Amino acid sequence: MRMALDAGAQAYGHWSGCHAVAWDAGARPTGDRELTNQLTCGGYPFGIVVNTDGRRFVDEGADFRNYTYAKYGAEIPRQSGSTAVQIFDAKAAGLLRPEEYASGDVTSVTSDSIRGLARELGIDEGQLASMVEEFNAAITGGPFNPTVRDGSRTEGVTPPKSNWAQPLDTPPYTAYPVTCGITFTFGGLRIDPDARVLDTRGLPVPGLYAAGELVGGLFYFNYPGGSGLTAGSVFGRRAGRSAAVGVADRGSIS
């Protein structure tokens with residue numbers, strides 16, 4: 001991308017935004033080539049997410065995971081220490097993806113009580129216990145159903161939980177410390193419909209094409225799961241075709 005910008009390509013898109021997920025806080029900062037994406041923690045709709053002060057800060061059930069996971073990670077650096085904790089009780093354990101929560105040395109803490117969990121995490125026991133008690137008492141709506149937006153929600157707490165609200169009342173309780181994992185910036189290069197990279201005047205840079213996460217202007221503030229794969233396939237095919245046509249037009253191939 002830097003080489004393209006140095007060659008006159010136009011920067012485009014949401015450069016201050018990125019695909020940001022909840023990521024195992026105990027993982028190596030450089031990632032793990034064996035575990036790859038398995039350090040993502042995307043089961044939060046079925047539990048609660050608190051900061052190190054023991055307070056919730058997002059609506060964990062606003063929508064299905066695939067529509068919130070790439071923006072909620074960006075909320076974690078806004079919390080003290082750039083960390084947060086996902087908390088689940090025994091009812092939710094079977095709903096967590098094993099490739100995320102049971103692979104390798106996943107960072108976690110388990111206790112038979114919320115206060116015990118708080119002690120292990122270094123969170124104020126009274127604050128976390130009272131918050132969970134208030135959360136449990138605020139749950140209303142329909143029966144819990146993890147496969148649909150079920151309308152089981154909270155009323156009178158901030159932020160609310162809009163779906164998949166279950167009381168945390170069945171030990172053991174397990175907490176997963178998380179931080180922000182950045183996959184790619186939403187900023188990139190500007191291209192035309194043929195995947196030709198445009199310069200700052202809006203004209204194609206000769207011989208330069210782009211696809212995938214190099215492309216800017218596709219995503220702003222959020223990202224639906226899988227859409228990057230779709231965009232990469234579409235613009236990859238167009239870039240390949242455009243490049244081949246460009247070479248043919250120059251007489252290099254028949």
Side-chain angles (χ1 to χ4, degrees), residues 18-51 56-77 79 82-111 114 117 120-121 132 135 143-153 161-184 213 219 222-230 232:
C18 61
H19 182 293
V21 303
W23 191 258
D24 186 339
R28 290 184 294 176
T30 54
D32 189 310
R33 290 184 181 274
E34 295 297 324
L35 295 177
T36 61
N37 200 45
Q38 295 176 46
L39 295 168
T40 302
C41 299
Y44 56 86
F46 306 128
I48 61 172
V49 184
V50 304
N51 57 26
R56 293 175 55 249
F57 58 94
V58 294
D59 179 352
E60 304 92 344
D63 209 330
F64 289 109
R65 168 236 181 236
N66 264 20
Y67 299 114
T68 60
Y69 81 108
K71 69 175 181 177
Y72 275 1
E75 296 300 321
I76 300 174
Q79 309 305 310
S82 295
T83 58
V85 181
Q86 298 179 358
I87 300 177
F88 308 93
D89 71 356
K91 297 192 304 297
L95 299 172
L96 304 180
R97 299 166 81 176
E99 63 269 29
E100 293 181 357
Y101 290 90
S103 63
D105 297 323
V106 175
T107 309
S108 65
V109 171
T110 300
S111 178
I114 294 295
L117 206 62
E120 294 287 337
L121 294 166
V132 171
F135 175 83
F144 176 82
N145 183 340
T147 65
V148 297
R149 288 191 288 267
D150 63 3
S152 61
R153 61 190 182 276
K161 185 168 184 180
S162 301
N163 292 282
W164 309 295
Q166 288 193 103
L168 277 79
D169 58 5
T170 308
Y173 304 95
T174 304
Y176 298 87
V178 292
T179 187
C180 176
I182 297 175
T183 309
F184 62 94
E213 280 134 18
F219 308 108
N222 200 10
Y223 166 98
S227 52
L229 297 173
T230 303

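This structure is a prediction, so every number in the text was calculated from the model and none was measured.
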Would you be so kind as to tabulate the donor-acceptor pairs closer than 3.5 Å made by side chains of residues 171-179, with sequence neighbours excluded?
residue, atom, partner, partner atom, Å
Thr174, OG1, Thr110, OG1, 3.4
Thr179, OG1, Ser82, O, 2.8

Worksheet item: Any side-chain donor-acceptor pair under 3.5 Å between Thr68 and Asp63?
Response: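 There is no such pair (donor and acceptor under 3.5 Å, judged by atom type) between the side chains of Thr68 and Asp63.
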Would you name the heavy atoms of [X] and [Y] that are closest together and state the gap between them?
X      : Y     : value
Val106 : Asp24 : CA-OD2, 3.5 Å
Val49  : Ala84 : CG1-CB, 4.1 Å
Pro146 : Leu95 : CG-CD2, 4.0 Å
Tyr101 : Gly42 : OH-N, 3.3 Å
Gly43  : Phe88 : O-CE2, 3.2 Å
Cys180 : Ala20 : SG-CB, 3.7 Å

Practice task
State which residues pass side chain to side chain contact (heavy atoms under 4.5 Å, CB included) with Gln166; sequence neighbours excluded, sorted by chain then number.
Solution key: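 Applying side chain to side chain contact (heavy atoms under 4.5 Å, CB included) to Gln166 gives Lys91, Phe144.
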- [ ] Could you tell me which residues satisfy side chain to side chain contact (heavy atoms under 4.5 Å, CB included) with Val109, sequence neighbours excluded, listed by chain and number?
- [x]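 Per chain and number, Val109 pairs via side chain to side chain contact (heavy atoms under 4.5 Å, CB included) with Leu117, Glu120, Leu121.
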Given Arg56 and Lys161, is the side-chain contact (heavy atoms from CB on, under 4.5 Å) satisfied, shown in steps? CA-CA 10 Å; Arg56 293 175 55 249; Lys161 185 168 184 180; 3.8 Å; yes
Nearest-0.5 Å distance that lies between atom [atom1] in [X] and atom [atom2] in [Y]:
X      : Y      : atom1 : atom2 : result
Asp32  : Thr30  : CG    : OG1   : 8.0 Å
Phe46  : Leu96  : CZ    : CG    : 8.5 Å
Ile182 : His19  : CD1   : NE2   : 11.5 Å
Glu213 : Phe219 : CD    : CZ    : 8.0 Å
Thr36  : Glu99  : OG1   : CD    : 10.0 Å
Gln86  : Ser108 : CD    : OG    : 11.5 Å

With ring centroids as reference points, do Trp164 and Phe64 lie under 6.0 angstrom apart?
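Yes - the distance between ring centres of Trp164 and Phe64 falls below the 6.0 Å cut-off.
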Margin query: Are the side chains of Gln79 and Phe57 in contact, using a 4.5 Å heavy-atom criterion?
Written below: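 Yes, at least one pair of side-chain atoms sits under 4.5 Å.
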**Q.** Val132 vs Val50 side-chain heavy atoms within contact, under 4.5 Å
**A.**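 Heavy-atom side-chain distance check fails, nothing below 4.5 Å.
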May I ask you to decide if [Y]'s main-chain N or O and [X]'s side chain share a donor-acceptor pair within less than 3.5 Å?
X      : Y      : answer
Asn145 : Asp150 : no
Ser152 : Pro143 : no
Tyr44  : Tyr69  : yes

